[in-house]
Colleague: 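I have a structure here, written as structure tokens, and I will follow up with some questions on it.
Chain identifiers are assigned alphabetically (A, B, ...) following the order of the sequence lines, protein sequences preceding nucleic acid strands; residue numbering begins at 1 within each chain.
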Number of protein chains: 2
Amino acid sequence: MNTLSFGLLCILATHNYTGYELMLKIQPFWQAKHSQIYPLLAALVKEGLVLFEDVAQSDKPDKKIYSITEKGLNELKQWMAESSAEPVTRDEMMLKAYCISIVDVDVIQTLFDEQEQMYANRLAKYKNYCELIPKIDGGIAEIDFHSPQFGLYIILKKAIMNAEVNLEWCRWVKSQIKK
Amino acid sequence: MNTLSFGLLCILATHNYTGYELMLKIQPFWQAKHSQIYPLLAALVKEGLVLFEDVAQSDKPDKKIYSITEKGLNELKQWMAESSAEPVTRDEMMLKAYCISIVDVDVIQTLFDEQEQMYANRLAKYKNYCELIPKIDGGIAEIDFHSPQFGLYIILKKAIMNAEVNLEWCRWVKSQIKK
DNA sequence: CTTTACATGTAAGCCGTTACATGATTCT
DNA sequence: AGAATCATGTAACGGCTTACATGTAAAG
């Protein structure tokens with residue numbers, strides 16, 4: 001049982017999904033390709049933590065809809081109560097930033113323009129997600145922590161706060177260069 | 001040539017270091033163990049991008065001091081001008097947050113207390129680093145972007161901004177739970 | 001007519017962590 | 001007496017990415 005396996009259980013704890021849908025759902029929190037997810041789902045089935053139902057489709061390929069078992073939910077709850085490992089970030093830009101003084105101003109400018117654009121895109125994307133959650137209008141309305149929507153609500157809040165502060169950082173760096 | 005190899009070149013572009021020192025220096029930006037770094041350094045030597053000097057020591061083990069070559073600096077500058085890959089973050093806590101509503105309030109409380117403590121520790125650590133850079137007193141003084149210290153300056157600024165906003169997020173989540 | 005979305009799976013290879021191996025000095 | 005720091009290296013294993021493989025339908 002690795003972290004990604006527990007991540008799949010987390011998502012199945014809220015709703016039933018196909019492997020393909022799980023891949024799309026877990027993307028924002030844990031980058032994983034389908035080639036990694038399908039074998040893990042097979043292992044979870046073998047251990048009796050999830051089960052699946054075959055669904056035949058005519059227009060699209062047949063699919064398997066996975067759901068979490070009682071045993072799976074128990075193991076998940078146990079894992080939830082354990083201390084979390086420190087987040088790991090690998091950011092190429094931080095390596096470049098370390099020796100930024102060795103390149104020309106125009107190269108620095110381009111790098112930070114791109115970086116700013118990336119964070120602006122993220123911010124727009126996350127703010128878009130907000131509109132899909134009915135109860136959040138402009139981030140003012142609050143969701144009760146007992147609600148199953150609470151998880152997505154706090155994650156989106158964090159994603160937006162991080163994107164905003166990183167955008168701000170890019171603009172600050174650029175202001176330092178111009179002077 | 002993978003990203004970590006370029007990361008090592010970035011650090012060697014500012015100063016000469018042993019493999020052991022490189023491991024310590026790169027930790028904050030790219031988590032890597034010595035077992036990964038030593039073979040990469042050997043490969044960089046083979047390609048003529050870095051070279052090393054043997055230094056015998058009596059009290060401590062003998063060491064190799066690495067420095068970047070002209071060829072290494074050229075390849076680094078070329079890489080610096082390329083677009084940066086998107087940062088990858090793997091945060092166990094985000095997986096847990098997704099289905100946070102399935103556990104009891106006291107479990108949520110403990111998880112976010114620990115998370116808050118972690119970000120508080122990071123913030124303290126980064127603010128400590130600041131005092132080691134002479135020109136930053138409380139983050140007010142500015143460093144010219146031509147200075148080799150500029151890289152560390154902007155990285156620290158980002159690390160502090162991120163730690164602060166994540167701390168704020170932890171406190172906000174906890175305020176949502178109490179109500 | 002090509003790309004994207006849906007849908008599942010395997011194989012090869014690189015990346016990263018843990019463990020094995022050695023050894024002196026300093027701190028607790 | 002045991003742990004931490006400095007210092008280098010290899011081996012085994014698990015995690016993640018890229019590529020191989022197949023097939024339909026909708027959208028550009």
Colleague: Hey, is the side chain of A/W30 poking within less than 4.0 Å of OP1 or OP2 on D/dC16, counting only N and O atoms?
Modeller: yes

Colleague: Go through it in stages, so that I can follow the logic: the residues are B/E92 and B/K96, the test is salt bridge (charged side-chain N to carboxylate O under 4.0 Å, His left out), and I'd like the CA-CA distance, side-chain angles, deciding distance and then a yes or no.
Modeller: CA-CA 7 Å; B/E92 206 175 286; B/K96 290 184 180 173; 3.7 Å; yes

Colleague: Please find the earliest and latest nucleotides of DNA chain C, in the 5' to 3' direction, that have an atom within less than 4.0 Å of any heavy atom of chain A.
Modeller: C/dA5 to C/dT17

Colleague: What is the distance, rounded to the nearest whole Å, between atom CG of B/L22 and atom C1' of D/dC6?
Modeller: 14 Å

Colleague: Toward the 5' end of DNA chain D, which comes first, A/N2 or B/Q36, by nearest nucleotide?
Modeller: B/Q36

Colleague: In whole angstroms, how far is the C1' atom of D/dA4 from the CG atom of B/L24?
Modeller: 13 Å

Colleague: Under the rule for salt bridge (charged side-chain N to carboxylate O under 4.0 Å, His left out), what residues qualify as partners of B/E116, not counting sequence neighbours?
Modeller: B/R171, B/K174

Colleague: Quick check: on DNA chain D, is the nucleotide nearest B/Y38 upstream (toward 5') of the one nearest A/A32, or the reverse? Name the residue that is more 5'.
Modeller: B/Y38

Colleague: What integer distance in Å separates B/K33:NZ from D/dT10:P?
Modeller: 19 Å

Colleague: Would you say the rings of B/W172 and A/Y153 are close, in the sense that their centroids are separated by under 6.0 Å?
Modeller: yes

Colleague: Students often get this wrong, so: under 4.0 angstrom with heavy atoms, is A/T3 touching a base, only sugar-phosphate, or nothing?
Modeller: nothing

Colleague: Counting only non-hydrogen atoms, which of residues 43-63 of chain B are less than 4.0 Å from DNA chain D?
Modeller: B/Q57, B/K60, B/P61, B/D62, B/K63

Colleague: Does B/E75 reach the main-chain N or O of B/K71 with its side chain, forming a donor-acceptor pair under 3.5 Å?
Modeller: no

Colleague: Hey, are A/N2 and A/S5 close enough side-chain-wise for a donor-acceptor pair under 3.5 Å?
Modeller: yes

Colleague: Side-chain N or O of B/R90 versus OP1/OP2 of D/dG15: is the shortest distance under 4.0 Å?
Modeller: no

Colleague: Is there a continuous path of hydrophobic side-chain contacts, each under 4.5 Å between heavy atoms, that joins A/M1 to A/W30?
Modeller: yes

Colleague: Assess, by modelled atom type and distance only, whether the side chains of A/Q117 and A/N121 contain a donor and an acceptor separated by less than 3.5 Å.
Modeller: yes

Colleague: For the residue pair B/N74 / B/Q78, report whether a side-chain donor-acceptor contact shorter than 3.5 Å exists.
Modeller: no

Colleague: Between B/L49 and B/I68, what is the shortest heavy-atom contact and its length?
Modeller: O-CG1, 3.6 Å

Colleague: I need the CE-P distance between A/M1 and D/dG15, as an integer number of Å.
Modeller: 11 Å

